[in-house]
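The chain is numbered in sequence order, starting from 1. The structure displayed is predicted, hence computed values, not measured ones.
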Amino acid sequence: MGLVRHVVCAMSGGVDSSVAALRRLSVVPKCYNVTGVFMKNWDSLDESGVCSTERDCDDAYRVCQTLDIPFHQVSYVKEYWHDVFSNLLKEYEKGRTPNPDILCNKHIKFNHFHKYAIHTLGADAMATGHYARTSQEDEEVFQQSHTTRPTTLFRDRFEIRNPAKLCKGADLAKDQTFFLSQISQDALRQTLFPLAGLTKEFVKKMAAEAGFHHVLKKKESMGICFIGERHFENFILEYLEPKPGNFVSIEDGTVKGTHKGWFTLTLGQRARIGGQKDAWFVVDKDIVTGDVFVAPTTNHPALFRDTARTDRFHWIASDPPAELVRTQMMECHFRFIHQMVLIPCTVTLNMDGSLWISLSQPVRALTPGQFAVLYKGDECLGSGKIIQLGPSEFTLQKGRERLVANRQQNNEPIPDPAG
């Protein structure tokens, strides 16, 4: 019998992580020892809402019993509060809309949990139930734990490296690379994705055959990472003081109603304005005055933009692509919402590592605080937080109208926009 590898599988109590653990055990010949670990990242005693942590933990334990593998629990409640939730509150106060699921993977699962699996439990690799793929073969992953890392603060720039790539899983409808776009290269190199080549339907079939009926009955989690599905406005107002302000029409500046705080609203959502017959949609926010600007249709030009700037971009490979370094520009594809259609774009690399992203077409409700995730073919290149937006189609339209009016007033020729 060959060398037996130790794999630590992150168990959530759901069907995907359960089948991920099963897949590691099912390899023939038997060459894996698998340990299941459940992470508690949110303290249910901290708020009044319903929290399913204990039930999820019990479901994960039952799966591990069925598979006859060791089960551990680990708490990252403090780490989640400091690294994810505090950041989330600060972003909302700045008028942005953060993505806690991406931050949770970056700071908790692929940082604290990764270190716990490798250093505390002595694993050769960790496994998760994400629908994603890595460019490495399993044996390459296991070799990482026996590779000596550079001890210097900075890597030798001439060090020959072959970074692992993060690629889309076989089930494109379930692909989760978007949520993994901020993880470190070191963590990716020591991670297995047992569901990489499977569809969700096949995973459910495997779960049923393995007798995981208790996890098959559960609804898929759709709420904020580890907080669950709550009424968002009520939840956020438990942590941030209400800051009432006005809903203001972007078209004529009239006040349409009032809100409890700009942080309870995100761009593109329908604004609940009492006394208004027609639907109004959030198009912009002013955190100085507290005004939230609204427009009267879901596809109003004030909601569409085609440029955005990120903060310092996180490249999965650690370094920007050679093409981008060489020319400062690169063509690729963009999304800022999980499963939105990929949009062709051109990115420009700035001196501080941030990117300007120019899209081939205007996109609805580009939102500061969300992550701009870039792709080249099947490869997820990484992501950067959107911190600045270009002008909306409405602003550009108004600017053109003013230009035409000024030229007409001065009897100047009006340029043909098609020219």
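Side chain to side chain, Q190 and H114 meet the donor-acceptor criterion of an N or O pair below 3.5 Å. One side chain, Y61 or Q65, offers a donor N or O that lies under 3.5 Å from an acceptor on the other.
Screening residues 337-350 for side chain to side chain donor-acceptor pair (under 3.5 Å) gives N350-S354 as the qualifying pairs, with residues at least two apart or on separate chains. Applying the salt bridge (charged side-chain N to carboxylate O under 4.0 Å, His left out) test to every pair with at least one member in residues 169-180, sequence neighbours left out, gives these pairs: K174-E220. Within the structure, salt bridge (charged side-chain N to carboxylate O under 4.0 Å, His left out) contacts touching residues 271-281 (residues at least two apart or in different chains) do not occur.
Residues that satisfy the side-chain hydrogen bond (donor to acceptor under 3.5 Å, both in side chains) test with W262, not counting sequence neighbours, are absent from this structure. Considering only residues two or more places apart in sequence or on other chains, E139 meets the side-chain contact (heavy atoms from CB on, under 4.5 Å) condition with R5, F142, Q143. Residues passing the side-chain hydrogen bond (donor to acceptor under 3.5 Å, both in side chains) test with R96, sequence neighbours excluded: E91. Applying the salt bridge (Lys or Arg N to Asp or Glu O under 4.0 Å) rule to D306 yields no partners; only residues at least two apart in sequence or on another chain are considered. By the side-chain contact (heavy atoms from CB on, under 4.5 Å) test, Q176 is found to be paired with H130, Y131, F179, residues two or more places apart in sequence or in another chain being considered. Listed by chain and number, the residues in a side-chain contact (heavy atoms from CB on, under 4.5 Å) with N299 are F304, R364 (sequence neighbours excluded). Taking the salt bridge (Lys or Arg N to Asp or Glu O under 4.0 Å) definition, one finds that E241 meets it with nothing, sequence neighbours left out. H300 is linked by a side-chain contact (heavy atoms from CB on, under 4.5 Å) to I250, E251, A295, P296, T297, A302, F394, counting only residues two or more places apart in sequence or in another chain.
Enclosure of atom NZ in K256 by more than 12 non-hydrogen atoms of other residues, nucleotides or ligands within 6.0 angstrom is indicated.
Taking the six-membered ring for Trp and the full ring otherwise, H72 and F38 have centroids separated by 6.0 Å or more.
Note that K243 lies outside the cation-pi zone of F263, set by a 6.0 Å cut-off to the ring centre and a 45° limit from the axis.
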Only distances under 3.5 Å count here; give the side-chain donor-acceptor pairs of residues 322-334 to other protein atoms, sequence neighbours excluded, each with its distance to 0.1 Å.
unit_1: T327; atom_1: OG1; unit_2: E323; atom_2: O; d: 2.9
unit_1: T327; atom_1: OG1; unit_2: M329; atom_2: N; d: 3.3
unit_1: T327; atom_1: OG1; unit_2: M329; atom_2: O; d: 2.8
unit_1: Q328; atom_1: NE2; unit_2: V325; atom_2: O; d: 3.2

